[in-house]
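Taking it in order: structure first as structure tokens, then the write-up.
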Protein chains: 2
Amino acid sequence: MTTGETATTGLRERKKQRTRQALSDAAIALFLEHGFDRVSVADVAAAADVSKPTLFRYFPAKEDLALHRIADHQGEAARVVRDRPDGRSPLAALRAHFHARLDAHDPVTGLSDHPGVRAFHDMLYTTPSLLARLVRYASRDEELLAEALGGPAPVARLAAAQIVTVHQRLAQENWRKLVSGRPVTDVLPEAHADADLAYDLLGTGLDGHFEG
Amino acid sequence: MTTGETATTGLRERKKQRTRQALSDAAIALFLEHGFDRVSVADVAAAADVSKPTLFRYFPAKEDLALHRIADHQGEAARVVRDRPDGRSPLAALRAHFHARLDAHDPVTGLSDHPGVRAFHDMLYTTPSLLARLVRYASRDEELLAEALGGPAPVARLAAAQIVTVHQRLAQENWRKLVSGRPVTDVLPEAHADADLAYDLLGTGLDGHFEG
DNA sequence: GAAAGAATTGTTACTCGGTTGCACTTTTGG
DNA sequence: CCAAAAGTGCAACCGAGTAACAATTCTTTC
């Protein structure tokens, strides 16, 4: 019996956590320094002092070495909808949450000060295979959101698809503005405005915007 | 200076066309028979009587062997918007076009009788790497559509993203119904109804559908 | 605390997608 | 007919990912 409550983590379990962490850290450091596809998985494995097969026992693909942190965010939209206060619509909850994430400079919004995070985003948006993997994560997110939205399945699925897509585009737009060299403080107000625009569009539809 | 107009195909050019066709045909036949990832590019090259490097001179990646026909459809949404009759809104034009494609059992709608096309769709939707490639094609489509829509860039981009996404989901839903064994004639009316629902949603927004 | 048992790891070797360098053949243009 | 250009095949290579099996490390049980 060891001390305390935190459940006996078990030595083996702790070692696995450490290996996983070492792999992730080594990978991200190397990727940011040399670029995703100029670093081989063998390099990463060597840097973390494990063999290549072991690396793949922890991360099913090279892309996951870079993305697993994002992957852990999965189901966030669904959670926001599920945990919204009584009387608030899902859309309103999501809008508020996105604004909050914006103010927190959350990486998922595409806005971010830290040079490390910036470099990470640059890598993300300029590496096709990472983008592809991100899409797969997003589609899982979409499923969960559709479920959380409830209502008739076709409507919920369409709505979820639109919402997830819009989030992606908002983040992409923010990133684009940062890439052009503008400081975050300058872009933030526009990001809020874009988000409002996007949610207005989601809420009231495209109909007044593109007439004959 | 080459000879005049587009006329003289040139022997060399004709040979290239034939090689390209042979590769595509061999690839699709093999993929449909054995499954995309149980066929190696070496197999395809051998079946088309070319070497592996030559194959990659024609198709930049294995996925393109399966998808280049779809790729050729690119910019269709943008074209529909650009060529719409006077006084008709882009959304109305796209809606009408989608219904027409549905009646034509166009593969892009996910509906289709031909067993060959059905098998192709099954392969598409169950092979992650193909889906990923498809997403990349779609994002090009989205760009072109945004351009065709005109208006303020942020709005156009958001609208284009939503429209493209909705098309994908409609096609996916149709395919899902076919997979469950139902005949096309049975699914078609629902497909039209889903399309109308989706376009209504796009036009008038999500706002009445998910209240507090 | 030691032995039986399970889980994890390293090594080696392999498959497959994709690329490179170079020699060889074919088409083209004069 | 000849030379430049374009296209091809060959062989060797790189990197991602997997399989087999032996060696090691943790857990469990007595």
Side-chain angles (χ1 to χ4, degrees), chain A residues 1-2 7-24 26-27 30-31 34-68 123 127-133 136, chain B residues 1-24 26-27 30-31 34-68 123 127-133 136:
Chain A
M1 287 296 241
T2 55
T8 46
T9 0
L11 171 57
R12 181 169 269 159
E13 201 57 33
R14 248 178 304 146
K15 269 201 160 177
K16 285 200 328 192
Q17 298 286 10
R18 260 193 297 134
T19 301
R20 187 182 176 79
Q21 194 62 39
L23 278 168
S24 170
L30 287 173
F31 291 160
H34 302 110
F36 183 75
D37 26 38
R38 271 195 298 273
V39 175
S40 77
V41 293
D43 295 336
V44 176
D49 253 308
V50 294
S51 68
K52 200 166 56 140
T54 295
L55 183 154
F56 283 109
R57 283 179 198 119
Y58 282 85
F59 297 90
K62 186 186 181 187
E63 287 76 27
D64 297 307
L65 282 166
L67 296 180
H68 80 103
M123 174 176 80
T127 309
S129 69
L130 287 178
L131 229 35
R133 199 69 164 201
R136 289 183 55 184
Chain B
M1 52 215 80
T2 58
T3 66
E5 314 290 284
T6 38
T8 22
T9 1
L11 172 55
R12 183 169 266 156
E13 201 56 34
R14 248 178 303 145
K15 267 199 161 177
K16 286 202 326 192
Q17 297 286 11
R18 260 192 297 135
T19 301
R20 187 182 176 79
Q21 194 61 39
L23 277 168
S24 170
L30 287 174
F31 290 161
H34 303 110
F36 182 75
D37 27 37
R38 271 196 299 273
V39 175
S40 75
V41 293
D43 295 336
V44 175
D49 253 309
V50 293
S51 68
K52 202 167 52 141
T54 295
L55 183 154
F56 282 108
R57 285 179 198 119
Y58 282 87
F59 297 91
K62 187 186 182 187
E63 287 77 27
D64 297 306
L65 282 166
L67 295 181
H68 80 105
M123 174 177 80
T127 309
S129 68
L130 288 178
L131 230 34
R133 200 68 165 201
R136 290 184 54 186

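Within every chain, numbering begins at 1; the chains are lettered A, B, ... in the order of the sequence lines, protein sequences first and strands thereafter. Values reported hereafter were calculated over all heavy atoms of this structure, with side chains retained and with hydrogens, waters and symmetry mates removed.
- Residue-level contact check: A:Phe59 touches neither bases nor backbone, having no heavy atom under 4.0 Å from any strand.
- Among residues two or more places apart in sequence or in another chain, the side chain to side chain donor-acceptor pair (under 3.5 Å) test is passed with B:Asp37 by none.
- Applying the ring-ring contact (aromatic ring centres under 6.0 Å, His included) test to B:Phe59 and every residue at least two apart in sequence or in another chain returns B:His68.
- A:Tyr58 has no side-chain polar atom (N or O) that falls below the 4.0 Å cut-off from OP1 or OP2 of C:dT8.
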Could you encode protein contacts along nucleotides 22-30 of chain D as a string, one character per nucleotide from 5' to 3', using B for base contact, S for sugar-phosphate-only contact and - for no contact, with a heavy-atom cut-off of under 4.0 Å?
---BBS---

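- A:Ala132 pairs by the side-chain contact (heavy atoms from CB on, under 4.5 Å) definition with B:Ala132, not counting sequence neighbours.
- Not counting sequence neighbours, B:Tyr58 has no partner by the ring-ring contact (aromatic ring centres under 6.0 Å, His included) test.
- Summarising the geometry, the separation between NZ on A:Lys16 and P on C:dA7 is reported as 10 Å, rounded to the nearest angstrom.
- With rounding to whole Å, B:Arg18 atom CZ is found 14 Å from C:dT26 atom P.
- Partners of A:Arg14 under the side-chain contact (heavy atoms from CB on, under 4.5 Å) rule, at least two apart in sequence or in another chain, are A:Thr9, A:Leu11.
- One atom, CZ of A:Arg20, and another, P of C:dT8, lie 13 Å apart when rounded to the nearest Å.
- Under the 4.5 Å side-chain criterion, counting only non-hydrogen atoms from C-beta, B:Leu23 is not in contact with B:Arg20.
- For the pair B:Asp37 CG and C:dG18 P, the computed distance is 12 Å after rounding to whole Å.
- Take A:Phe56 and apply the side-chain contact (heavy atoms from CB on, under 4.5 Å) test, not counting sequence neighbours, and it matches A:Val41, A:Lys52.
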Strictly under 4.0 angstrom, non-hydrogen atoms only: write out the protein contact profile of nucleotides 9-19 of chain D, one letter per nucleotide from the 5' end, B, S or -.
BBB---SSBBB

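- Considering only residues two or more places apart in sequence or on other chains, B:Arg136 meets the side-chain contact (heavy atoms from CB on, under 4.5 Å) condition with A:Pro128, B:Arg133.
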